[in-house]
Each structure stands twice: as C-alpha cells, then as structure tokens.
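Both ligands and their constituent atoms are indexed starting at 1 by order of listing.
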Amino acid sequence: MKIMILGGDGYLGWPTAMHFSKQGHEVIVTDNFLKRRLEMEEGLSSLWPVPHLHRRSKVWKEVTGNDIIVEPNDLRNSRAVYKIMETYKPDAIVHYAEQPSAPYSMQGLERASLTQHNNVIGTLNLLFAMQAHCPEAHLVKLGTMGEYGTPNIDIEEGYITIDHNGRSDTLPFPKQPFSFYHLSKVHDSNNIMFCCKNWGLRSTDLNQGVVYGVHTDDTKLHPELGTSFHYDDIFGTVLNRFCVQAVVDHPLTVYGKGGQTRTFLNIRDTLKCVELAVTNPADEGEFRVFNQFTETFSVLQLAEIVKDACSGHGIDVKVDHIPNPRIEKEEHYYNPKNDKLLALGLYPLLLSDVLINEMVSEIGTAKDQVDHGVMLPRVKWRHH
Ligand code: USQ
C-alpha cells in the first residue's frame, strides 16, 4: 500500500513510518516540525538528541535498503496539502500531525489558539484535499481517550445507543474533554464524521490512551533510528516521567490524590493498533471509532508499580502527592471498552517489570542529561 504518515518526525510518527516501511509498503512522511520549534521556545528537549528526519530516512535506507520518502509539509497551508495529496494519492493516511500536549494548550489564549488552529484547521485542510484528490483513501486519525473525560457510565467506542422518551437512537458518545488540546481532538472528530457522512470519505478515529516506552523493534536497529523521549511537565506523559524521576532520585510527582484513572498502552502496541486499522479499512462513508489502549491504571497505582519494579534494582523510589495543577476528578468511576482492536487481533503487551526495566536502563544511559528543573508542574488549569 501507499501509506502517508503525517507528523512523521514525532514520538509515534517515526516508529510508525519504519514499521510500515519494513513490511514493504511505500511510505511517505510529512511534518511541519512545529514540535521541534515549540520545544525550543519552551526550553525543553528530548532526553536524547533526535537526528532530523532526512538523516533518519538516510540511515534507515542504509540499514534496511528501504525508502522512507520525506516531504516537509504544513497542514495549515491548504495549497501545500492539496498539492501533496494530488502528487501521491495515498491509499491510507495516518494522521499524527498535531500539537500533542494538554499542559501546552492550557498556558493561555496564544497557545490554546495555536493548538486548535494547528490541529483543527490542519485536519480540515486535509479533509478538503482528500475529497479533491484521494476520496477513496482511508484516514486513520489519532484521537484521544481524553475526548470522553471520566463519565459515571461505561465508555463505549465512539457511539452509544440511548433510549429516550420511548424512542431509541445510536448517537456519538458524549464528550467531556480535559483541556483545550483534548477539545481540539473532539472538534476534529466532529469534522471528520461530518465529511464521512456528507462526502463518503472513510475514516477510523483511534482514541488512544497514554503511551509509554522508549523502543520498538526498529528503533533498536541503529543509534540514529531512535525516537524522541520527553519527561518534562509539558510534553512528557505520566509513566515516562515517573521512570525518569525514579532514575534521578526525584520523588514521583503524583498530582493530588492520584485516584485519577487513565488508559495506557506500550509504544509497540500503538504500531500494532495502527497497522490493524490500516489493514482493515473503514467502508466508504463510515466514521469508525476504536478505543486504543490495553490497560487502565490510576496514577497512584502506576507510581506503586514503578516503585516496586525499581526496588528490585536497589533503587528506593519515593512517591510524593503534590497539589494538582489540573482540574480533573481525583476519584471516579472509569470503565472504557476496547473490544474492537482486540476483535481485529490485538494481543496486548501488558505493563510489567520487564518493560519498566527496559525504560529505566535506557534512561540510565542518559541520566546526566536530565534537566531537574522540569519535574514539578508549572502549568495550572485555573489561574486564580
Ligand atoms: N499526572 C500526574 N503526575 C505527573 C504527570 C501527570 O499525576 O507528573 C497525571 C495527570 O494529572 C493526569 C494523568 O497523569 O491525570 C495523565 O497525564 P499525562 O500528562 O500523562 O497525559 P494527558 O495530559 O492526558 O495527555 C497524554 C498525551 C496526549 C494524549 C493523552 C491520552 O500527551 O497526547 O492524547 O495522553 S489520554 O490521557 O487518554 O487523553
């Protein structure tokens, strides 16, 4: 297949590109390098340096003999998006090209606006360009489990059947997102659903949980094929942060009571899920939603798991409860479904001491690079 990966420079985009390329697909990656610019502006960096995309593509060719075509492109530029869709007419488009951080988006109007403009308008441009040049292509869009929030009922996959005043209908599942970032994904979902219904496009929205991990099979092939790894308070996600904190003897930063519960998956399972979506495309006009995660943990449970795994290595990890900078429930019911990817054949890689130890030992090699100034959260959801 001809597969285009949008956001191919990122934590998940680059490993996805290698994964499909290895299987013999024709892979084109695009990126506007916004994330690299935002990192510079915020004074943050990946724990290890990440060679630029052209360099990684060259190394990939040397190591495997396969091509990954690099096409810098900004989804905010509608003309450029039309052009690239006209040139390549991909069979599948895997869309990661979004500002991914909730705390980043909660730093005031300018950053909330950048997040929603980049994400929502970028995706809207893409939808119009697909309609014009590749209406048969399957759009595999990375959404987030954070679109649903934490309702006091089971979370279905995208839709819920409601009986109301004697009538029944299957409707989009209610959305209660956590941040302006998560809201941008809700807005995307609505726009994509509308275009599937109206123009007959086909799409799968992958509502993904929090991803953790440093390696996939391909990132290990060569030191320059690694992917980025953030542990700071803005771009770092909770389990990756906890593992770095454990390595540098910083107490784990549990926000508030730690009863807030989220879904998780290993980075290798992200690739398997995306592959399952791409190889089992949605029908014409279908807007399909998969909940993409393998396990559910509270933040406090995660901290205890990291503490236990590290004690086996003689690392004595402390767990701190610090005032929660976010507005979120710290104790709640949480029962999301993830049947659809399992039905397609996902065999989950569950969190284990082995996976934590893999992370901890890799992080240990870059221990001296860790910036201790980014452990405590600086972005508050409410400013007064
Ligand atoms: N948390 C802590 N301590 C920390 C960092 C986070 O207790 O040091 C807590 C947060 O309060 C939150 C939970 O851990 O309750 C998850 O926070 P996170 O920063 O790991 O993840 P989140 O902001 O939800 O966003 C991340 C990704 C985003 C993706 C989302 C999936 O950055 O791109 O969409 O996970 S989900 O959480 O399912 O919405």
Taking the six-membered ring of Phe235, is the NZ or CZ of Arg241 close enough (under 6.0 Å from the centre) and on axis enough (within 45°)?
no
Whether Lys35 and Glu42 form a salt bridge (side-chain N of Lys/Arg under 4.0 Å from carboxylate O of Asp/Glu) is what I want to check.
no
If only side-chain N and O atoms count, and only distance matters, is there a donor-acceptor pair under 3.5 Å linking [Y] with [X]?
{"X": "Glu147", "Y": "Gln176", "answer": "no"}
{"X": "Tyr88", "Y": "Glu26", "answer": "no"}
{"X": "His19", "Y": "Asp218", "answer": "no"}
{"X": "Gln260", "Y": "Glu328", "answer": "yes"}
{"X": "His222", "Y": "Glu62", "answer": "no"}
{"X": "His138", "Y": "Thr204", "answer": "yes"}
{"X": "Gln245", "Y": "Thr253", "answer": "yes"}

Can you name the atoms of ligand 1, numbered from 1 with element, that are less than 4.0 Å from a heavy atom of [X]?
{"X": "His182", "result": "24 (O), 39 (O)"}
{"X": "Gln208", "result": "31 (C), 38 (O)"}
{"X": "Gly209", "result": "31 (C), 38 (O)"}
{"X": "Thr253", "result": "2 (C), 3 (N), 4 (C), 7 (O), 8 (O)"}
{"X": "Gly146", "result": "36 (S), 38 (O), 39 (O)"}
{"X": "Ala102", "result": "23 (O)"}

With Tyr334, which residues qualify under ring-ring contact (aromatic ring centres under 6.0 Å, His included), at least two apart?
His332
Can you get from Phe229 to Leu252 by hopping between Ile, Leu, Val, Met, Phe, Trp and Tyr side chains that sit under 4.5 Å apart?
yes
Any nitrogen or oxygen of [X], main chain or side chain, under 3.5 Å from a nitrogen or oxygen of ligand 1?
{"X": "Val238", "value": "yes"}
{"X": "Arg241", "value": "yes"}
{"X": "Glu328", "value": "yes"}
{"X": "Gly143", "value": "no"}
{"X": "Pro103", "value": "no"}
{"X": "Thr237", "value": "no"}

Can you pull out the closest protein heavy atom to [atom]? Residue, atom name and distance to 0.1 Å, please.
{"atom": "atom 21 (O) of ligand 1", "answer": "Val210 CG2, 4.2 Å"}
{"atom": "atom 19 (O) of ligand 1", "answer": "Arg326 NH2, 3.0 Å"}
{"atom": "atom 33 (O) of ligand 1", "answer": "Pro100 O, 2.7 Å"}
{"atom": "atom 30 (C) of ligand 1", "answer": "Thr144 OG1, 3.7 Å"}
{"atom": "atom 9 (C) of ligand 1", "answer": "Val299 CG2, 3.8 Å"}

Ligand 1 contacted by Gln245 (non-hydrogen, < 4.0 Å):
no
For Tyr96 and Trp14, what are the C-alpha separation, side-chain angles and deciding distance, and is it a ring-ring contact (aromatic ring centres under 6.0 Å, His included)?
CA-CA 10 Å; Tyr96 292 103; Trp14 172 246; over 10 Å; no
Heavy-atom pairs closer than 4.0 Å: do any link ligand 1 to the side chain of Tyr181, the backbone, both, or neither?
side chain
Checking contacts here: is it the side chain or the backbone of Met145 that comes within 4.0 Å of ligand 1, counting heavy atoms only? Could be both or neither.
both
Option set Tyr11, Tyr148, Tyr255, criterion heavy-atom distance to atom 2 (C) of ligand 1, minimum
Tyr255
Evaluate His215 against Thr219 for side-chain hydrogen bond (donor to acceptor under 3.5 Å, both in side chains), listing each step before the verdict.
CA-CA 6 Å; His215 276 307; Thr219 60; 2.8 Å; yes
